[in-house]
Every structure is written in structure tokens, then in C-alpha cells.
Novice: 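Take this structure first; my questions come after.
Whatever order the structure lists them in is the order used to number ligands and atoms, beginning at 1.
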Amino acid sequence: MKYIGYFVFLVAFIVIFVPVTILGGVGEGIKLPVILNKFPIVTDNNVKEIAKIDSNIKVKMFDVKNNKVIELDLEDYVAGVVSAEMPVSFNIEALKAQAIAARTFVIANMISLGGSGCNKHQGVDVCSDVHCQAWISKEERLKLWDANSALENWNKIMEAVESTKGLVITYNGEIAKHIKYHSTSGGKTEDSRYVFGYQEPYLVSVESPYEEVAPNYITTVVMSKKEFIRRMKELSPNINLSEGRLANQIKILEWTEGGRVNRIKIGDKEFTGIDVRWAMGLKSAAFTIKIDTKNVTFTVKGYGHGVGMSQWGANQMGKRGYSYEDIIKHYYRGVEIQKIEDVLKLGQQP
Ligand SMILES: [Zn+2]
């Protein structure tokens, strides 16, 4: 009978303490993989599952960062441009429109297809810089994103590229030669003749609504009168300006169709709005100037040259249910979207 006491004690011990110990241990144990899952290590192998898009067109690109020429499959190049030129958080229809714009730009530039290539680096179709189109490698892009969302982000880029594979913008059955885009128009895009000096029927000024949410919809730049004069003298060494009379020495003479400064008189000289934009470090040429006793204040609308597709405008259109086709046909007037093969065949006809 004296063993019963030990037996009860043993059972009680097993029932109460052992599960606590085991569960506690398991509890600790399962935390580790959970923590690891939160920070997946993203390597090239992880993304192999994502379909690789094959293309028989090769792009010769000067990789500015690594100072070497590399050859890329067209669609891989397009993915690198989309992920460098547009935030992945943008609406999928905007990303698709960006893919088509990027693809059209490079096809129009390709030396093997009669294009003139990058005019900054000889013998290549494009460079990886904003001079042509910004481009980033997949490896670098994955590293820059938060590891939690990197794979999902890359899949979204690939969806935009893959679903528009081989599509380009055409005008009158030919590849559109001057596809331009920019960050934020500020409400109205610009006619190409004011910025690039040539006219294209598809690069006319159009309304770009819903952009108010863009971070650079309106920016201000304030500088002392002294600094303003210093910068103007850098632009035009013989300019005649004085701090005391500055308010009467600046006059906007002409606006562009898209609401940017076309011609402006400063002191005894005349400038373009674009000259002043760069001299003063403004985000666009859509600016107004206010001069008080101490400072010169620029109020600036939009970000970029303003020609062609506004990326923020495209995102807002996408969010409102417009398709990539709607977006492209809104920003590039009178264009069509076609398969590269069909267009190149047309081009070969006598
Ligand atoms: Zn270039």
C-alpha cells in the first residue's frame, strides 16, 4: 500500500509537469522557423520558379554602374527598366503601360533595327542610366526591396512585362520613335516641341487629372536674392542684376501649351523656362516666382520634362479602373498598340 502514495505522486508529476516542459520546449522550438520565415533569404535560385520570358531580340546595353557592355534578352531588359523607373507599389495597369513604353523606346533605339542607339555611349542600343532609361539588375533590385516583399514585388513586375510581352506603341503602323515619360505632369503634359524641339502628333499636351496625391505635385524652392543672382551669373556671366531692383527685373514672357514657362526675361537677358529650371534646381519648368525683401521663392508644379506619359497620372488612372491601353492612348494621342513582329513585317514591305 505504501507504493500507492509514490504512484499517485508519480502520476501527478507526469500529468502536471511533463506536458508543461514539453509544450514549453516545443513552444520555443517552433519560434525559430517562424522567425526565419519572416526574413527569407532572397537569392537568384528562389526566383527561378518565376517564368523567364524568352525573346529572340537582344538588347546591347552599356551598364553604367559596372562600366561594361552587356547583352540582354529584350523582355529581361524591359523588366529591369520597369523596376527602376516606376515604384512597384503602382497600379498593375500603370506598370504594364510602363513596360510597353520602355519596350517601345528601346526598339526605336536599336541599331540593328535602324535606330541610332545611345548617343552618349557609342555602339550600344541604350545605356542603363536615365540618359536613356534607368535600368537595374534583378539581383540588385531584389536586394533593395524589403526581404518580406521582394518576391511578391518581382512577380508583380514580371506580370506587367509578361502580360504585355512583345507589345509596342505604333503611330501610322510604325514604331513610335520618341516615346517619352516623366514622373508627374502637375495636371497637364507638355507638347514635345517646347522641350525637345521636334513635333510628334502623339506628343501633344493633354490633361492629366488626379495627380494631386503625387509627392512632387507642388514643391517650393526658396533662396536668397544673393544666391539667385549667383546662380544666374553661372548661367549667364554678363547678366545685369541687382538685389534692390530684382522684383522688377524678372518677367515671364510666354507660357507653353502645357503651362510651363517658355520664355522669361531676367535682367537684360532672355531665357527658356528649362534653362532656369536647371540653374535653380527646380523639379520642372512649370514654376512661378515671388520676390520679397529677402528671398526668391519658386512654386513648382510637377516633376520632370512633362512630355508623354505621366507615371503618377498613369497610376491614378489605373486605380480608377482604366486599362494600360486606356492609359497609353490617353497620354500618346492617336497611337495603336501592336505586336513587334507585325510592325517589323509592315516596315519591311516596299
Ligand atoms: Zn544613353
Side-chain angles (χ1 to χ4, degrees), residues 55 57-87 95 97-141 144 157 160-161 164 166-171 174-185 189-190 192-200 202-203 272 274-275 277-278 281 283-285 302-311 314 328 331-332 340 343-344:
S55 166
I57 299 177
K58 303 279 180 195
V59 175
K60 217 174 173 187
M61 183 190 78
F62 182 74
D63 181 350
V64 174
K65 201 182 166 201
N66 297 303
N67 200 37
K68 61 174 185 186
V69 177
I70 55 173
E71 206 171 57
L72 294 156
D73 275 354
L74 171 66
E75 301 299 340
D76 285 344
Y77 167 77
V78 172
V81 174
V82 173
S83 62
E85 287 279 4
M86 191 176 261
L95 289 164
Q98 180 67 61
I100 296 171
R103 190 180 295 110
T104 309
F105 178 90
V106 69
I107 291 289
N109 255 30
M110 286 190 72
I111 297 168
S112 61
L113 299 174
S116 53
C118 165
N119 62 16
K120 201 171 165 188
H121 304 277
Q122 262 199 333
V124 293
D125 301 315
V126 281
C127 65
S128 63
D129 194 40
V130 285
H131 170 259
C132 287
Q133 303 188 107
W135 175 90
I136 188 168
S137 72
K138 181 169 76 183
E139 293 70 29
E140 233 186 304
R141 180 70 273 185
L144 288 171
I157 299 290
V161 177
T164 63
L167 294 180
V168 287
I169 303 167
T170 62
Y171 188 84
E174 285 180 13
I175 305 268
K177 283 196 171 49
H178 297 114
I179 284 304
K180 301 283 179 185
Y181 51 87
H182 59 278
S183 165
T184 312
S185 80
T189 70
E190 190 55 277
S192 60
R193 72 194 144 114
Y194 295 105
V195 182
F196 301 109
Y198 53 75
Q199 270 184 295
E200 281 288 10
Y202 52 86
L203 295 181
T272 66
I274 294 168
D275 287 338
R277 175 199 170 185
W278 293 117
K283 293 206 184 294
S284 87
Y303 188 12
H305 52 61
V307 179
M309 181 178 75
S310 156
Q311 293 169 315
I328 284 174
Y331 287 107
Y332 306 108
I340 298 174
V343 190
L344 294 181

Novice: So, Gln133 versus Tyr77: side-chain donor-acceptor pair below 3.5 Å or not?
Specialist: yes
Novice: Is it the case that the ring center of His178 lies less than 6.0 angstrom away from the ring center of Phe196?
Specialist: no
Novice: Checking Gln311 side chain against Glu85 main chain: does a donor-acceptor pair fall under 3.5 Å?
Specialist: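 Yes: the side chain of Gln311 pairs with the backbone of Glu85.
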Novice: Extract all donor-acceptor atom pairs below 3.5 Å that involve side chains of residues 99-121 and protein atoms in other chains or at least two apart in sequence.
Specialist:
unit_1, atom_1, unit_2, atom_2, d
Arg103, NE, Glu75, OE1, 3.2
Arg103, NE, Glu75, OE2, 3.1
Arg103, NH1, Thr164, O, 2.8
Arg103, NH1, Leu167, O, 2.9
Arg103, NH2, Glu75, OE1, 2.8
Arg103, NH2, Val161, O, 3.4
Arg103, NH2, Thr164, O, 3.3
Arg103, NH2, Thr164, OG1, 3.3
Thr104, OG1, Ile100, O, 2.6
Thr104, OG1, Ile169, N, 2.9
Asn109, ND2, Asp125, O, 3.3
Asn119, OD1, His131, NE2, 2.9

Novice: Should Leu74 and Ile340 be marked as a side chain to side chain contact (heavy atoms under 4.5 Å, CB included) after you check the CA-CA gap, both sets of side-chain angles, and the distance that decides it?
Specialist: CA-CA 11 Å; Leu74 171 66; Ile340 298 174; 3.6 Å; yes
Novice: Show all protein N/O/S atoms under 2.8 Å from the Zn ion (ligand 1), or state that there are none.
Specialist: Cys118 SG, Cys127 SG, His131 ND1, Cys132 SG
Novice: Tell me, do Tyr171 and Glu200 make a side-chain contact under 4.5 Å, heavy atoms counted?
Specialist: no
